[in-house]
Amino acid sequence: MGLFRKQKAIDPEQWQAGDMAECIVQGEWICAVSREDTGGPRLSETRTVTKVRIKRCPVRGEMIVWLGFDRYPGKIFDASFFRKVRPCADELIAAESAFTDLIRRKHVRRPVRVAP
């Protein structure tokens, strides 16, 4: 084991515009430069990512991934404070023809319940 830990390379493909991000931190968002309250996502709030940037973090001094959201124009947030929301296989299975017909606003027959 060496004295220096090898820094992981940043994977820009990890986040993309259009991904869903869930906030996993609780508290106030403080600008690292001005130390002012900037406002931002709340714990468990889910937003669609509109931009992904790789920039140096003024607090940690290393290159990190930053995420931007429409709800907070002109602001970017440390991606480590978010969890990527991924579609589950169960959700794909649940999207049966009746569900897709409903989305397409087609008439869907309702199942008839037979009394015992």
Interatomic distance, [X] atom [atom1] to [Y] atom [atom2] [nearest 0.5 angstrom]:
X	Y	atom1	atom2	value
Arg71	Arg47	CZ	CZ	4.5 Å
Asp19	Thr50	CG	OG1	11.5 Å
Ser80	Ile24	OG	CD1	7.5 Å

Does Lys55 offer a backbone N or O that forms a donor-acceptor pair with the side chain of Trp66 under 3.5 Å?
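A pair under 3.5 Å: yes.
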
Is [Y] close to [X] at the side-chain level, that is, under 4.5 Å between some pair of heavy atoms?
X	Y	answer
Cys23	Val25	yes
Thr38	Ile30	no
Ile64	Asp78	yes
Leu67	Lys51	no

Name all residues meeting the side-chain hydrogen bond (donor to acceptor under 3.5 Å, both in side chains) criterion together with Glu22; count only those two or more places apart in sequence or in a different chain, and write none if there are none.
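Partners of Glu22 by the side-chain hydrogen bond (donor to acceptor under 3.5 Å, both in side chains) criterion, ordered by chain and then number, come out as Arg83.
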
Taking all non-hydrogen atoms of both residues, which atom of Met20 and which atom of Thr46 are closest, and how far apart?
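Minimum heavy-atom separation between Met20 and Thr46: CE-CG2, 3.4 Å.
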
Determine the sole option in Tyr72, Phe69, Phe81 for which the ring-ring contact (aromatic ring centres under 6.0 Å, His included) test with Trp29 is passed.
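Going through Tyr72, Phe69, Phe81 one by one, the ring-ring contact (aromatic ring centres under 6.0 Å, His included) with Trp29 is satisfied by Phe81 alone.
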
Applying the 4.5 Å side-chain criterion to the ILVMFWY set and letting contacts propagate, would Ile54 and Phe77 be lumped into a single cluster?
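Yes; tracing contacts between hydrophobic side chains, which count when under 4.5 Å, links both residues.
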
